[in-house]
Number of protein chains: 2
Amino acid sequence: MNKQRVTVKEVAKRANVSLGTVSNVLNEPSRVAKTTRDRVLKAIEETGFVRNTAARQLRGAGSKAVGIVVLDSSNPFFTEIIRGAEDALREEGYVLIACSTDESQAVESQYLSLLEEHRVEGILITPSTKDLSRINALTQKGLRVVLVDRKTKRKDICSVTVDDVYGGTLAVEHLISKGHRRILFINGPQTIRQCYDRRAGVLSAIEKHRNIDPDVTLLEFEVPSLTLSAGENASLQVLSCSYDFTAIICANDLLALGVIRTCSKLGVKIPKDLALVGYDDITFASMVSPSLTSVRQPQQELGSQAAQLLLDELREKNHKHQEVRFSPTLIPREST
Amino acid sequence: MNKQRVTVKEVAKRANVSLGTVSNVLNEPSRVAKTTRDRVLKAIEETGFVRNTAARQLRGAGSKAVGIVVLDSSNPFFTEIIRGAEDALREEGYVLIACSTDESQAVESQYLSLLEEHRVEGILITPSTKDLSRINALTQKGLRVVLVDRKTKRKDICSVTVDDVYGGTLAVEHLISKGHRRILFINGPQTIRQCYDRRAGVLSAIEKHRNIDPDVTLLEFEVPSLTLSAGENASLQVLSCSYDFTAIICANDLLALGVIRTCSKLGVKIPKDLALVGYDDITFASMVSPSLTSVRQPQQELGSQAAQLLLDELREKNHKHQEVRFSPTLIPREST
DNA sequence: ATTCATAGTTGAAACGTTTCAACTTCTGTG
DNA sequence: CACAGAAGTTGAAACGTTTCAACTATGAAT
């Protein structure tokens, strides 16, 4: 078992050339005469030489590594984003370091330090707090940062976001076009940015239509968390109180799945008795019965766009910082 | 914007000590007098010095990076594994590089090269082919490799796997204990190792019980892919042919979800008319109605154990290579 | 035959650490 | 007061690359 790593020096000796020539073959092949080049390539082949990124980096090349810091890499939303970024980066020979913070300040901080030590060329991040000071410190040091699913007023940082306000209006527009007038919105705590924005979209769309048709009304119900059981509880309360509505919009699909479960227990028929729109278009939205109409966010694209922005920032001297905003789309299914 | 990185030299100058002392503070603090140490730490603090992993690595320290190569990092099965590995590695100051191959040889090969260039200390991998020659080449070079969800006869490689055979018997045992005698097994192509193994477990359990009670019988149905629609089709065919069985085992949860959909359309009541067991215990197994009894694999643990094995291999001089095999567990729910 | 440009090649220096042998100070002992 | 040993500190060398000024060889033009 040969644990000795092959170096440029060895390749050079075997090919009877100097270090510099081997390096030239690797980096600027046109500078080297064809016969020499072939000899060197053969030597590389034979020795199994592999470039050492660390040494290159020390000499000024980039680390060819990028970090992605998210709340939870096993959460489907981030999973897709990571995948999108990974693919975009691989094409350029970059490698992606995955970091899950679980919203813990301490872990986020540890990861950012590790990434700094590794001298990653850039970081894609969904910050776990409102406070961007740690991130500012990084950009101060010249590290490139792209915010994912988070905006900032600073004009010197790129960001990619999804338009949650628009997503809210999409849901309302869809229901109204299906003839619904009295809509219930089951939302999570408004301290969550997404919930706040989606509600804003719902409200503005309702407002707009009420100007035309005064029958259009909105009921609201706030739940403490965006979970299946919260959806079950909410729909149970709301259906037994005989509120007056013909459709429900949920702030995410889990809530909507809870509503479906309650309805099937209570014998409420979807979509006949009640229409239902979810949000996120998780994989299983299409698999439940009835399948769930939902607002889809282009997650893979979010990730790949974030990576593209970062790459552009790394390459282009006169890179323009920008905020890329994606629009969600409504996927109509059986539940409406 | 100060893009100049701080080096040990600068810290040393500011603290009025030599390079060596700064290094000692970093690596062997007890060797340095307290007053000096404090002075150096203060200088580190003030300058915002961050160690350069690349330079350390060049001097012999490890790269403090590990790669994980899977078929698809956005597939929930791998997602959990990655997460498990990530956490275990972070605790030891390691960083995890995520690589999705989509079962492409070319991509796998590219990633392995990138990981080699980065001199990762080890690789966790679910090989995309039966052929382990590329991996052998890596271990030849002294790279540590741990196989994930894949066995090998070689005794010099660690692996973590789940006992799919046992999972198959678990499903059968559960149904038999619930009083079922005539069971249908909907399986995928046996070229997939998991399908092959699960079937072996099902067969042996059936065999065992038939020796006691000759009424115990197994029907089999093979579908081309492990998808929801394949499950729908299979159950449609099988239910309309009025085969004689009271329970179904599906080779994975997607198939089982398909069965549930068909049953709800045909008015077949689960579990009254028909019991159903899935495999994988995907998140939504607990969310559908009726909720799905399923065989769960300890994915996070798989990932963290793989990472632990790797770390042990990196640290312990006399590391024992081993194959760790996890047992799945059956999660009973409404569908049985 | 001489000069000049071009193409190809060389090897020392530099990148930011860690290591280690050598050095300096300090402390306590006889 | 001399000395040994311990405790603390130093700085050159090394890790594996890339860069670049300097060098050599090869023709082409005069």
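Values below: every heavy atom of this structure, side chains too, minus hydrogens, waters and symmetry copies. The sequence lines fix the lettering, A, B, ..., with proteins before strands; numbering per chain opens at 1. Since we're looking at a predicted model, the values are computed, not measured.
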Name the nucleic acid region contacted by A:T36, choosing base, sugar-phosphate or nothing; use a 4.0 angstrom heavy-atom cut-off, strictly under.
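Sugar-phosphate, backbone atoms only, no base.
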Shortest non-hydrogen contact between B:L132 and B:R150, atoms and distance
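The pair with the smallest heavy-atom distance is CD2-NH2, 3.9 Å.
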Over all atoms of both residues, closest heavy-atom pair of A:F49 and A:V8:
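So the two residues come closest at CE1-N, 3.6 Å.
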Return a single string for nucleotides 12-22 of chain C, one symbol per nucleotide in 5' to 3' order, where B is base contact, S is sugar-phosphate-only contact and - is none, cutoff 4.0 angstrom on heavy atoms.
--BBBBBB---
Under 4.0 Å between a Lys/Arg side-chain N and an Asp/Glu carboxylate O for A:E10 and A:R14?
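Salt bridge between A:E10 and A:R14, a charged N being under 4.0 Å from a carboxylate O: no.
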When you look at B:V32 and B:V40, which way does the side chain to side chain contact (heavy atoms under 4.5 Å, CB included) test go after all the steps?
CA-CA 10 Å; B:V32 181; B:V40 171; 5.7 Å; no
Taking N or O atoms only and anything under 3.5 Å, show me the protein contacts with nucleotides 22-25 of chain D, one pair per line.
none

So does A:L311 get a backbone contact from the side chain of A:E92, meaning a donor-acceptor N/O pair under 3.5 Å?
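Between the backbone of A:L311 and the side chain of A:E92 there is no qualifying donor-acceptor contact (under 3.5 Å).
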Is it the case that the side chain of A:S63 and the backbone of A:R119 share a donor-acceptor pair, with hydrogens and angles ignored and the cut-off at 3.5 Å?
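Between the backbone of A:R119 and the side chain of A:S63 there is a qualifying donor-acceptor contact (under 3.5 Å).
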Do any side-chain nitrogens or oxygens of A:T21 fall under 4.0 Å of OP1 or OP2 in C:dT10?
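True: A:T21 side-chain N/O within range (under 4.0 Å) of C:dT10 OP1/OP2.
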Could you state the atom-to-atom distance from CG of A:N16 to P of C:dG8 in whole Å?
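Spelled out: CG on A:N16 to P on C:dG8 is 19 Å.
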Rounded distance (nearest 0.5 Å) linking atom OG of B:S128 with atom CG of B:D102:
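Nearest 0.5 Å value for the OG-CG distance: 10.0 Å.
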I would like to know whether B:E323 and B:L147 meet side chain to side chain contact (heavy atoms under 4.5 Å, CB included); could you show each step before the answer?
CA-CA 9 Å; B:E323 179 191 323; B:L147 295 181; over 6 Å; no
